[in-house]
Amino acid sequence: MPPTIRRATPDDLTSVLALLTLYYNEWQIQQRDDEPTVAAKLQHAPLGYFLAFIDNEPAGCVMLRDLPNIPSAAEPSAECKRLYVAPAFRGHRLANLLMDAAESTARTAGYHWLYLDSAAEFTTAIALYRRRGYLEIPRFNDNPQATIFMRLALTA
């Protein structure tokens, strides 16, 4: 069965939290979203979390949120966060599929820019972002663990 990607709903809270726990633990990421925060993000379509599934098992996630306070962007902007594919499901291009969903949703919702941050040790993710056309920019947030900041123009 091919992988599927869909926007997470409130019924997916347990799956999203389980993937985020794996993400925080594997990469020693400071947990910034507690359960109520994640639950709230599941209520705000079209943004929120997207899930990847293989054989009906949650395999990966990414979060898309509004980014209204970017001084360098006159047009509406959104941010991708928490891109993660569980180790058992790597090698299926799920990160690409998740980013496709996030970018397409942001574009359809009228956003002009998609921002993200990363840490230098996430070399695979950074290479993925560069292949997708993300360009490095100056710091745009206060994430203490991020060292690389990027954005993608969603409009031609």
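Along the sequence shown, the residues carry numbers beginning at 1.
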**Request:** Could you tell me the separation between the CG atom of Leu83 and the OH atom of Tyr23, rounded to the nearest 0.5 Å?
**Result:** 8.0 Å
**Prompt:** So Arg82 and Tyr24, side-chain contact (heavy atoms from CB on, under 4.5 Å) or not? Walk me through it.
**Reply:** CA-CA 9 Å; Arg82 320 279 186 269; Tyr24 294 134; 3.4 Å; yes
**Request:** Could you state whether Leu154 and Leu97 fall into the same hydrophobic cluster, counting links through intermediate Ile, Leu, Val, Met, Phe, Trp or Tyr residues with side-chain heavy atoms under 4.5 angstrom apart?
**Result:** yes
**Asked** Between CZ of Arg7 and CG of Asp12, what distance do you get to the nearest 0.5 Å?
**Response** 9.5 Å
**Prompt:** Which of these passes side-chain contact (heavy atoms from CB on, under 4.5 Å) with Leu51: Val62, Val16, Thr4?
**Reply:** Val16
**Asked** Hey, are Lys81 and Asp33 close enough for a salt bridge, meaning a charged N less than 4.0 Å from a carboxylate O?
**Response** no
**Message:** Using side-chain contact (heavy atoms from CB on, under 4.5 Å), reason through Tyr49 and Leu19 one step at a time and then give a plain yes or no.
**Reply:** CA-CA 11 Å; Tyr49 281 90; Leu19 286 165; over 6 Å; no
**Prompt:** What distance do Leu152 atom CG and Leu135 atom CG have between them, rounded to the nearest 0.5 Å?
**Reply:** 8.0 Å
**Request:** Give the C-alpha distance, both sets of side-chain angles, the deciding distance and a yes or no for side-chain contact (heavy atoms from CB on, under 4.5 Å) between Glu136 and Ile148.
**Result:** CA-CA 7 Å; Glu136 288 192 43; Ile148 294 175; 4.1 Å; yes
**Prompt:** Which pair of non-hydrogen atoms, one from Arg139 and one from Asn143, has the smallest distance, and what is that distance?
**Reply:** NH1-O, 3.1 Å
**Message:** Which heavy atom of Pro58 sits nearest to which heavy atom of Phe89, and what is that distance?
**Reply:** O-CE1, 3.9 Å
**Prompt:** Any side-chain heavy-atom pair from Pro46 and Thr108 closer than 4.5 angstrom?
**Reply:** no
**Request:** Report the distance from atom CG of Leu42 to atom CG of Leu47, rounding to the nearest 0.5 Å.
**Result:** 12.0 Å
**Request:** Please report the closest heavy-atom contact between Leu94 and Ala59, naming both atoms and the distance.
**Result:** CD1-CB, 3.6 Å
**Prompt:** Taking the side chain as C-beta and beyond, is there a heavy-atom pair between Leu67 and Trp113 under 4.5 Å?
**Reply:** no
**Request:** For Thr105 and Leu64, run side-chain contact (heavy atoms from CB on, under 4.5 Å): C-alpha distance rounded to whole Å, both residues' side-chain angles, the deciding distance at 0.1 Å, then the answer.
**Result:** CA-CA 9 Å; Thr105 298; Leu64 181 64; 4.0 Å; yes
**Asked** Are Phe122 and Trp27 near enough that their ring centres are under 6.0 Å apart?
**Response** yes
**Request:** Specify the closest pair of heavy atoms between Ile5 and Ala52, including all atoms of both residues, with the distance to one decimal.
**Result:** CD1-CB, 3.3 Å
**Prompt:** Nearest heavy-atom pair of Ala95 and Leu128: which atoms, and what distance?
**Reply:** CB-CD2, 3.8 Å
**Prompt:** Can you hop from Val85 to Tyr134 via hydrophobic side chains spaced under 4.5 Å?
**Reply:** yes
**Item:** Where at least one partner belongs to residues 87-98, residue pairs that pass side chain to side chain donor-acceptor pair (under 3.5 Å), sequence neighbours excluded
**Value:** Glu26-Arg90, Asn96-Arg132
**side chain to side chain donor-acceptor pair (under 3.5 Å) contacts touching residues 53-64 (sequence neighbours left out)** = none
**Prompt:** Are the side chains of Met150 and Ser118 in touch, meaning some heavy atoms are under 4.5 Å apart?
**Reply:** no
**Request:** Find out if a path of hydrophobic residues (ILVMFWY) with successive side-chain heavy-atom gaps under 4.5 Å connects Tyr129 to Tyr84.
**Result:** no
**Atom pair CZ (Phe53) and CZ (Arg6), whose distance is rounded to the nearest 0.5 Å** = 4.0 Å
**Message:** Looking at every heavy atom in both Cys80 and Leu114, which two are closest together, and how far apart are they?
**Reply:** SG-CD2, 3.8 Å
**Request:** Measure the spacing between CG of Leu20 and CG of Asp34 and express it to the nearest 0.5 Å.
**Result:** 11.0 Å
**Request:** Would you kindly confirm whether Tyr111 and Met63 end up in one hydrophobic cluster when ILVMFWY residues are joined by side chain heavy atoms under 4.5 Å apart?
**Result:** no
**Asked** Asn141 versus Phe149: any side-chain heavy-atom pair under 4.5 Å?
**Response** yes
**Prompt:** If only atom types and distance count, is the side chain of Gln145 paired as donor or acceptor with the main-chain N or O of Gln30 below 3.5 Å?
**Reply:** yes
**Message:** Between Arg65 and Glu79 (side chain of the first, backbone of the second, donor and acceptor by atom type, cut-off under 3.5 Å), is there such a pair?
**Reply:** no
